[in-house]
Amino acid sequence: MAPPKARRNTTVVAWLCYFITIPFLVLVLIGNTHINSVLNDIYFYKLDVSHIIPIAVDNSQLLNSVARSLGLHDFYSVGLWNFCEGYSDEGVVYCSSPKEFYWFNPVEVLVSELLAGAKIALPSQVLTILKLLRIGSQVMYGCFMGGTVINGLMLLLTPFAARRRLFSLFLSIVGLLSAVVLVVASAIATAIAVVFRIAVTAQDQLNINADIGVKMFAFMWIGTLVTVLAFILHSAMGCFCRPQRVRRSSSSKRSNASMAETSSADRRGSLPGFTKRSKAGSPV
């Protein structure tokens with residue numbers, strides 16, 4: 001059994017862990033949502049299509065200029081709610097409206113800008129990849145939102161874990177749920193960004209580069225790993241750390257027992273004297 005002071009200190013550390021996760025997760029949620037020099041640097045990945053026509057192609061510079069004049073932007077950065085686009089020399093010039101369970105469809109965006117929204121027939125493999133991208137992005141959105149909300153609740157409930165071990169076990173279950181959904185969200189975001197970068201750069205016919213958002217990945221993984229640490233602390237409190245009130249009650253029981261033994265001993269010791277006085281005072 002750990003001493004009661006260890007339980008109090010563990011509760012404080014767990015609360016600090018959830019307090020640390022909130023700003024990082026909030027930055028993940030609001031990153032790249034609108035035109036802002038700070039927020040536009042927080043994205044999952046960015047597509048660079050400023051030189052979409054390879055240099056090896058004849059008149060590649062002219063063709064790239066034509067693509068830009070038709071409406072193709074130099075880059076597209078993707079966040080949790082929307083995407084932003086802009087030019088290398090101007091920065092971000094437009095961000096789409098935030099949308100729940102958003103997923104970035106690169107084919108739709110590029111076709112709408114280059115071909116004025118004309119529909120084209122896509123191979124079945126491309127459609128399958130887009131479907132997986134949509135499912136993964138929507139699951140990631142739900143997990144990030146759920147994990148942030150649960151961490152906010154845990155920030156309010158964690159101070160009460162110092163009172164009862166059973167409550168600590170309940171909070172450890174809730175903390176496990178938050179840790180799981182955030183790990184899933186971060187893993188999906190990492191997989192999408194890495195696979196997207198590999199798939200895009202593997203196309204020899206097009207010169208497209210994909211950059212992974214270092215800040216976004218740092219924020220989301222810090223929030224996720226600290227949440228896992230908070231869950232471990234809650235589990236430790238539920239299994240090992242003894243609440244302080246238990247020690248006090250046991251001490252008071254021992255004190256009451258000793259007082260009862262003392263008083264009974266006093267009564268036993270005073271009984272013979274009282275009996276003698278009664279016998280001495282009785283008439284012969």
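- Within the 4.5 Å cutoff, the side chain of Ile135 has no heavy atoms near those of the Trp103 side chain.
- With rounding to the nearest 0.5 angstrom, the CE atom of Met154 is 10.0 Å from the CG atom of Leu177.
- Under the 4.5 Å side-chain heavy-atom criterion for ILVMFWY residues, a single connected hydrophobic cluster contains both Tyr102 and Val107.
- The shortest heavy-atom contact between Ile150 and Ser178 is CG2-CB, 3.5 Å.
- Residues Leu130 and Pro106 meet the side-chain proximity criterion, which asks for heavy atoms closer than 4.5 Å.
- Under the side chain to side chain contact (heavy atoms under 4.5 Å, CB included) rule, Leu25 has a single partner from Ile30, Leu182, Val149, which is Leu182.
- Hydrophobic clustering (side-chain heavy atoms under 4.5 Å, transitive across Ile, Leu, Val, Met, Phe, Trp, Tyr) groups Ile42 together with Val26.
- Taking the side chain as every heavy atom from C-beta outward, Cys95 and Thr33 never approach each other to under 4.5 Å.
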Test log, rule side chain to side chain contact (heavy atoms under 4.5 Å, CB included), inputs Phe75 and Val49: CA-CA 6 Å; Phe75 63 84; Val49 294; over 6 Å; no
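- Using a 4.5 Å cut-off on side-chain heavy atoms (C-beta onward), Leu80 and Phe144 make contact.
- Between Met140 and Ala185, the closest heavy-atom pair is CG-O, 3.7 Å.
- Under the 4.5 Å side-chain heavy-atom criterion for ILVMFWY residues, a single connected hydrophobic cluster contains both Phe101 and Val184.
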Test side chain to side chain contact (heavy atoms under 4.5 Å, CB included) applied to His73 and Tyr87, step by step: CA-CA 6 Å; His73 292 74; Tyr87 300 103; 3.4 Å; yes
Test log, rule side chain to side chain contact (heavy atoms under 4.5 Å, CB included), inputs Tyr45 and Met216: CA-CA 9 Å; Tyr45 56 92; Met216 177 71 86; over 6 Å; no
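- Between the SG atom in Cys143 and the CD atom in Gln138 there is a gap of 12.0 Å [rounded to 0.5 Å].
- Interatomic distance, Thr158 OG1 to Asn151 CG, rounded to the nearest 0.5 Å: 9.0 Å.
- The NZ atom of Lys215 sits 4.0 Å away from the CG atom of Asp41 when rounded to the nearest 0.5 Å.
- Side-chain contact between Tyr43 and Val78 is absent, with no heavy atoms from C-beta onward closer than 4.5 Å.
- Hydrophobic clustering, with ILVMFWY side chains joined whenever heavy atoms are under 4.5 angstrom apart, groups Phe170 together with Ile232.
- Between Asn209 and Leu47 there is no side-chain heavy-atom pair separated by less than 4.5 Å.
- Taking each heavy atom of Glu90 and Val93 in turn, the nearest pair found is OE1-CG1, 3.7 Å.
- For the atom pair Leu16 CG and Leu229 CG, the distance stands at 10.5 Å (nearest 0.5 Å).
- The distance from the NE2 atom of His234 to the OG1 atom of Thr11 is 7.5 Å, given to the nearest 0.5 Å.
- If you chain together hydrophobic residues whose side chains sit under 4.5 Å apart, Ile198 and Phe196 fall into the same group.
- Looking at Asp74, its side chain does come within 3.5 Å of a backbone N or O of Ser88 through a donor-acceptor pair.
- Nearest heavy-atom pair across Ala230 and Cys17 is CB-CB, 3.8 Å.
- Cluster partners of Leu153: none. The rule joins Ile, Leu, Val, Met, Phe, Trp and Tyr whenever side-chain heavy atoms lie under 4.5 Å apart, and it links nothing here.
- The aromatic ring centroids of Phe217 and Trp221 lie 6.0 Å or more from each other.
- A 4.5 Å side-chain heavy-atom check between Tyr141 and Glu100 finds at least one atom pair inside the cut-off.
- Ser77 pairs with exactly one of Asn40, Asn82, Asn32, Asp48 by the side chain to side chain donor-acceptor pair (under 3.5 Å) rule, that one being Asn32.
- Among the candidates Ile192, Val109, Leu133, the single residue satisfying the side chain to side chain contact (heavy atoms under 4.5 Å, CB included) test with Phe104 is Val109.
- Considering every non-hydrogen atom in both Thr227 and Tyr18, the closest pair reads CG2-CE2, 4.4 Å.
- Val228 and Ala179 make their closest contact through CG2-CB, 3.9 Å (heavy atoms, listed as atom of the first residue, atom of the second, distance).
- Two residues are said to be in side-chain contact when any heavy atoms from C-beta on lie closer than 4.5 Å; Glu85 and Val92 fail this criterion.
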